[in-house]
Amino acid sequence: MSGRQHKETELARRTRARGLAVGRSAPRIAEEVFEECGPQFGTTRIKSHRLALGIALADVIEQVRALFERDGKPMPGIGETLLSAYESGLKRPGPEYLHYLCSVYRVEPVALGYDGPCICGHGHRMPGVVRGGLGEVQPDSPPDSRELFIKPLSDPSADGGEEDENVLRRTLLLLIAGTTVPMNESMLGAADSIRRRMDETLVSTTVSPAMLDHWEESAASFGRQYMNTPPMRQLCDVLLEFSTVRQAMGHHQPIDLQERLCALAARLSGLAGIIMIDLGDQRMARAFFRTSRTAADETGDRALRAWVTAREALVPLFYGDPREALNLAKKSRDLAGQTPCAAKAMAPVVEARALSMLAHSGGKKDVVDQAKRALARARAAFAQMSPAQQEDTVFGYTERQLYFHQGDALTRLGQTIEADLILEQALEKYDGDLLDQTLIRFDQAQCRLLEGDGSEALRMGSAAVKRVGPGFRTDIITRRAVDLGKAIRAKCGEISGLPEYMELIATPAPENSAPEGDA
C-alpha cells in the first residue's frame with residue numbers, strides 16, 4: 001500500500017469510528033468518508049462504501065461470488081483488479097455487476113456514484129440509505145419499497161454520454177422484463193450519439209493492461225453470445241461497453257495501449273454494425289462500420305482492417321446492391337493479403353454470394369464460374385486459419401458459417417443438389433445459433449422451390465418462422481421469409497397455405513413464445 005493509500009485508509013478508519021460511536025448507518029458513514037477523503041485523495045463514492053465497512057477488496061469479491069452462488073449463477077469473472085478499477089473510476093460496472101455491488105452495500109446505484117436504476121427493477125434500500133440526490137439521507141421506508149431513480153442531467157449536451165447510456169439501460173430493463181422494444185427514435189439517437197462521441201475521440205486522444213485484458217475478453221464474450229442473444233438486448237450491452245472504451249480513449253495513452261484501445265473500439269463498433277444489419281437499419285449499420293474503419297486504421301492491423309471491410313460488405317449484400325458488396329469483398333481480400341486470418345476466408349465467400357446474386361439476376365455463365373472459384377479460395381484460406389479463429393463466430397470465421405455461406409451461394413446459383421448437401425452438413429454443425437439456422441432453413445426451402453415443389457418449400461418456410469421467438473424475429477429474418485413467400489407466389493401461384501404463411505409473417509411473434517429446436 002502506498003503512503004497516499006495508507007493516509008486515505010487511516011482517515012476513513014477514523015471517520016468510520018466516529019460514525020459508529022454515534023450509531024450512524026453504514027451508508028451514512030460512507031457519505032462522510034466521501035466528504036472527508038474525496039477532496040484530499042479523490043476517493044470515489046463506490047470506494048467510500050467499502051472503506052465505511054472497513055473491509056478489503058477481497059471481502060467484497062467474496063460477497064459478490066456468494067450472491068452469484070445463491071442465485072444459481074456460474075462464478076463471475078470479477079476480481080480485485082476489476083473492482084479496483086471501478087473504485088478508481090477507470091471502469092464502470094456493467095448492469096449485472098452493479099446490481100450485485102448494490103446488494104453487497106445495500107444501496108441504490110446513485111449512492112455508489114452511478115446514474116440510473118438497477119436492472120433488477122426493485123430497490124436495495126435499507127433505512128437511512130442515500131436516495132434521490134447525492135448526500136440526501138431519506139427517512140426509514142417500508143422494506144417492500146420498489147422506487148427507482150435516474151438522476152436528471154442539468155446539461156445533456158455537456159455530459160460524457162450518461163443520458164445516452166440511460167436510454168440503453170431503460171431499454172435493457174424493458175427487455176429483461178420480457179417487453180418487446182422496437183428500434184425507435186430515442187434508441188437510434190442514443191446509438192448514433194455514442195458512435196459520434198467515439199468518432200470525436202478518435203480524432204483527438206490512464207488505462208492499465210489488466211483493464212484492457214478485461215475489456216478485450218468482454219468483446220470476445222459478446223462475439224460468442226451473438227448468435228443466441230436477442231439483437232436489441234445485445235446491442236444495449238455492446239454500446240454500454242463501447243461507451244466505456246470511448247471514455248478511456250479520451251485521455252492520452254502509451255502508444256501500445258492506445259493501439260489496443262483502437263482495436264477494441266473497431267471490434268465493438270463492427271459488432272454494433274452487424275447487429276444493426278439484423279435489426280434492419282442500413283444507415284446506422286454503415287455509420288458504425290465507418291467508425292469501425294476509422295478505429296481500425298489507427299492500429300495498422302491489416303487483418304483487423306480486412307475484417308471490418310468484409311463485415312461491412314454484408315450491408316449492401318443484404319440490402320440489394322451486389323456490385324458494391326463485390327467491390328468491398330475484393331478490397332477486404334486485398335487488405336488481408338497473404339495473412340492467414342478470418343477475412344481471407346470470409347471475403348471470397350462474400351464475393352461468391354454477391355456474384356451468385358448477379359448471376360441470378362441474369363448474369364452469364366462465367367459469373368457462375370467466378371463464384372465457384374471464389375468458394376474454392378475461401379475453403380483454402382479457411383484451412384490456413386488458426387483453431388482460435390475457426391471457433392470465433394463474429395471476430396473469426398467458423399466451419400459451420402463457411403458451410404452455410406457456401407450453401408447460400410450455391411442455392412442462388414441454382415445448384416440445388418450440391419447446395420442441399422452442404423446446407424444439411426451446415427445445419428448438423430450448429431448447436432444453438434438460431435439466426436443462422438433459420439436462414440439455412442430458408443435456403444433449403446428455396447432449393448425445394450427451385451426444384452418445383454412449392455408446397456414443400458412453403459411447409460419448410462412456415463416451420464422456420466414458427467421456430468423464431470419474438471426477440472429474434474428481426475428484419476433480416478422477416479425479409480427472407482417475405483422473399484420466400486413472394487417467390488412461391490410467382491412460381492406456383494396462390495397455392496394452399498400461402499395466405500396463412502404471409503399472415504404469419506406479418507403477425508408479431510407472441511411475447512411468451514420461445515425459440516424451438518436447437519436454440
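These figures come from a predicted structure and were not determined experimentally. Start at 1 with the first residue, then count along the sequence.
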Trainee: Would the distance check show the side chain of Ser243 and the main-chain N or O of Leu240 forming a donor-acceptor pair, the cut-off being under 3.5 Å?
Mentor: no
Trainee: Quick check: closest heavy atoms across Ala303 and Ala343, and the distance to 0.1 Å?
Mentor: O-CB, 4.5 Å
Trainee: Restricting to non-hydrogen atoms, name the atom on Gly270 and the atom on Phe289 that form the minimum distance, rounded to 0.1 Å.
Mentor: O-CE2, 3.5 Å
Trainee: Which heavy atom in Phe318 sits nearest to a heavy atom in Arg479, and how many Å separate them?
Mentor: O-NH1, 3.0 Å
Trainee: Can a side-chain donor-acceptor contact be found between Glu217 and Ser221 if the only test is distance below 3.5 angstrom?
Mentor: no
Trainee: Does Glu216 form a side-chain contact (heavy atoms from CB on, under 4.5 Å) with Arg260? I'd like the steps, not just the answer.
Mentor: CA-CA 9 Å; Glu216 287 166 348; Arg260 287 177 66 185; 2.9 Å; yes
Trainee: When you compare the side chain of Val394 with that of Arg267, does any pair of heavy atoms fall below 4.5 Å?
Mentor: no
Trainee: Would you call Arg233 and Asp237 a salt bridge, using N to O less than 4.0 angstrom?
Mentor: yes
Trainee: Can you measure from CD1 (Ile194) to CZ (Phe242) and round to the nearest 0.5 angstrom?
Mentor: 8.0 Å
Trainee: In plain terms, say whether Arg197 and Asp164 are close enough for a salt bridge, that is, a side-chain N and a carboxylate O under 4.0 Å apart.
Mentor: yes
Trainee: So which heavy atom on Cys341 is nearest to which on Ala336, and how close?
Mentor: SG-CB, 3.9 Å
Trainee: Test Leu504 against Lys466 for side-chain contact (heavy atoms from CB on, under 4.5 Å), laying out the working first.
Mentor: CA-CA 8 Å; Leu504 174 66; Lys466 290 175 182 176; 4.0 Å; yes
Trainee: Who passes side chain to side chain contact (heavy atoms under 4.5 Å, CB included) against Gln401, sequence neighbours left out?
Mentor: Met227, Arg311, Thr393, Tyr397, Thr398, His405, Tyr430, Asp436
Trainee: Using side-chain heavy atoms (C-beta onward) and a distance below 4.5 Å, is Met276 in contact with Gln282?
Mentor: no
Trainee: For Asp59, which residues count as a side chain to side chain donor-acceptor pair (under 3.5 Å) partner, sequence neighbours excluded?
Mentor: none
Trainee: Using modelled atom types only, decide if a donor and an acceptor are shared between the side chain of Thr15 and the backbone of Val33 within a distance under 3.5 Å.
Mentor: no
Trainee: Among all residues two or more places apart in sequence or in another chain, which pass the salt bridge (Lys or Arg N to Asp or Glu O under 4.0 Å) test with Arg14?
Mentor: none
Trainee: How about Arg92 and Thr244: does a side-chain donor come under 3.5 Å of a side-chain acceptor?
Mentor: no
Trainee: If you round to the nearest 0.5 Å, how far is CG of Leu328 from CG of Leu317?
Mentor: 10.5 Å
Trainee: Say whether, by atom type as modelled, one donor and one acceptor occur between the side chain of Thr309 and the main chain of Ser332 under 3.5 angstrom.
Mentor: no
Trainee: Rounded to the nearest 0.5 Å, what's the gap from CD1 on Ile476 to CG on Leu439? Could you check?
Mentor: 5.5 Å
Trainee: Rounded to the nearest 0.5 Å, what's the gap from OG on Ser193 to CG on Leu239? Could you check?
Mentor: 10.5 Å
Trainee: Drop me the distance from Gln234's CD to Gln225's CD, to the nearest 0.5 angstrom.
Mentor: 6.0 Å
Trainee: Testing Leu268, Thr229, Leu168 one by one against Val238 for a side-chain contact (heavy atoms from CB on, under 4.5 Å), which residue passes?
Mentor: Leu268
Trainee: What's the separation between atom CG in Leu261 and atom CG in Leu212, rounded to the nearest 0.5 Å?
Mentor: 4.5 Å
Trainee: With a 4.0 Å cut-off, would you call Glu165 and Arg246 a salt bridge?
Mentor: no
Trainee: Who passes side chain to side chain donor-acceptor pair (under 3.5 Å) against Asp392, sequence neighbours left out?
Mentor: none
Trainee: Cys102 versus Pro109: any side-chain heavy-atom pair under 4.5 Å?
Mentor: yes
Trainee: What's the shortest heavy-atom distance between Ala313 and Ala325, and which atoms?
Mentor: O-CB, 3.5 Å
Trainee: Apply side-chain contact (heavy atoms from CB on, under 4.5 Å) to residues Gln389 and Ser386 and explain how you reach the verdict.
Mentor: CA-CA 5 Å; Gln389 290 175 322; Ser386 70; 3.3 Å; yes
Trainee: Let me have the donor-acceptor pairs involving side chains of residues 69-86, under 3.5 Å, with sequence neighbours excluded, atom names and distances please.
Mentor:
{"from": "Asp71", "atom 1": "OD2", "to": "Tyr100", "atom 2": "OH", "distance (Å)": "2.5"}
{"from": "Lys73", "atom 1": "NZ", "to": "Glu96", "atom 2": "OE2", "distance (Å)": "2.8"}
{"from": "Lys73", "atom 1": "NZ", "to": "Tyr100", "atom 2": "OH", "distance (Å)": "3.4"}

Trainee: Apply salt bridge (Lys or Arg N to Asp or Glu O under 4.0 Å) to Arg24 and list each qualifying residue two or more places apart in sequence or on a separate chain.
Mentor: Glu32
Trainee: Can you list everything that forms a salt bridge (Lys or Arg N to Asp or Glu O under 4.0 Å) with Arg286? Sequence neighbours excluded, please.
Mentor: Glu324
Trainee: With sequence neighbours left out, what residues match Thr43 under side chain to side chain donor-acceptor pair (under 3.5 Å)?
Mentor: Glu8
Trainee: Find out whether Leu101 and Val60 are in side-chain contact, i.e. whether some heavy atom of one side chain is under 4.5 Å from a heavy atom of the other.
Mentor: yes
Trainee: Does atom CZ of Arg196 have more than 12 heavy-atom neighbours from other groups under 6.0 Å away?
Mentor: no
Trainee: Might you point out which heavy atoms bring Cys236 and Met187 nearest each other, and give the distance in Å?
Mentor: SG-CE, 3.9 Å
Trainee: Stepwise, does the side-chain contact (heavy atoms from CB on, under 4.5 Å) test hold for Met284 with Met183?
Mentor: CA-CA 11 Å; Met284 285 297 292; Met183 179 61 80; over 6 Å; no
Trainee: Listed by chain and number, what are the side chain to side chain donor-acceptor pair (under 3.5 Å) partners of Gln40, not counting sequence neighbours?
Mentor: none
Trainee: Taking only residues at least two apart or on different chains, which pairs with a member in residues 290-314 satisfy ring-ring contact (aromatic ring centres under 6.0 Å, His included)?
Mentor: Trp307-Phe395
Trainee: Just by distance, with hydrogens left out, do Thr44 and Glu87 show a side-chain donor and acceptor under 3.5 Å apart?
Mentor: no
Trainee: So do Ile55 and Gln63 actually touch side chain to side chain, heavy atoms under 4.5 Å?
Mentor: yes
Trainee: Do Arg195 and Asp192 touch side chain to side chain, with heavy atoms closer than 4.5 Å?
Mentor: yes
Trainee: Between Ser269 and Ala265 (side chain of the first, backbone of the second, donor and acceptor by atom type, cut-off under 3.5 Å), is there such a pair?
Mentor: no
Trainee: Are side-chain heavy atoms of Val465 and Thr438 found at a separation under 4.5 Å?
Mentor: no
Trainee: Using 4.0 Å as the upper bound for N to carboxylate O, is an ion pair formed by Glu10 and Arg13?
Mentor: yes
Trainee: If you measure from the Lys or Arg side-chain nitrogens to the Asp or Glu carboxylate oxygens, is any gap between Arg293 and Asp297 under 4.0 Å?
Mentor: no
Trainee: How would you list, by chain and number, every residue that makes a salt bridge (Lys or Arg N to Asp or Glu O under 4.0 Å) with Arg18, sequence neighbours excluded?
Mentor: none
Trainee: Sequence neighbours left out, what pairs pass salt bridge (charged side-chain N to carboxylate O under 4.0 Å, His left out) with at least one residue falling in residues 275-285?
Mentor: none
Trainee: Does the salt bridge (charged side-chain N to carboxylate O under 4.0 Å, His left out) test come out yes or no for Glu31 and Arg45, once each step is laid out?
Mentor: CA-CA 8 Å; Glu31 279 297 303; Arg45 290 188 177 278; 2.7 Å; yes
Trainee: Report yes if the side chains of Ile275 and Phe288 come closer than 4.5 Å at any heavy-atom pair, otherwise no.
Mentor: no
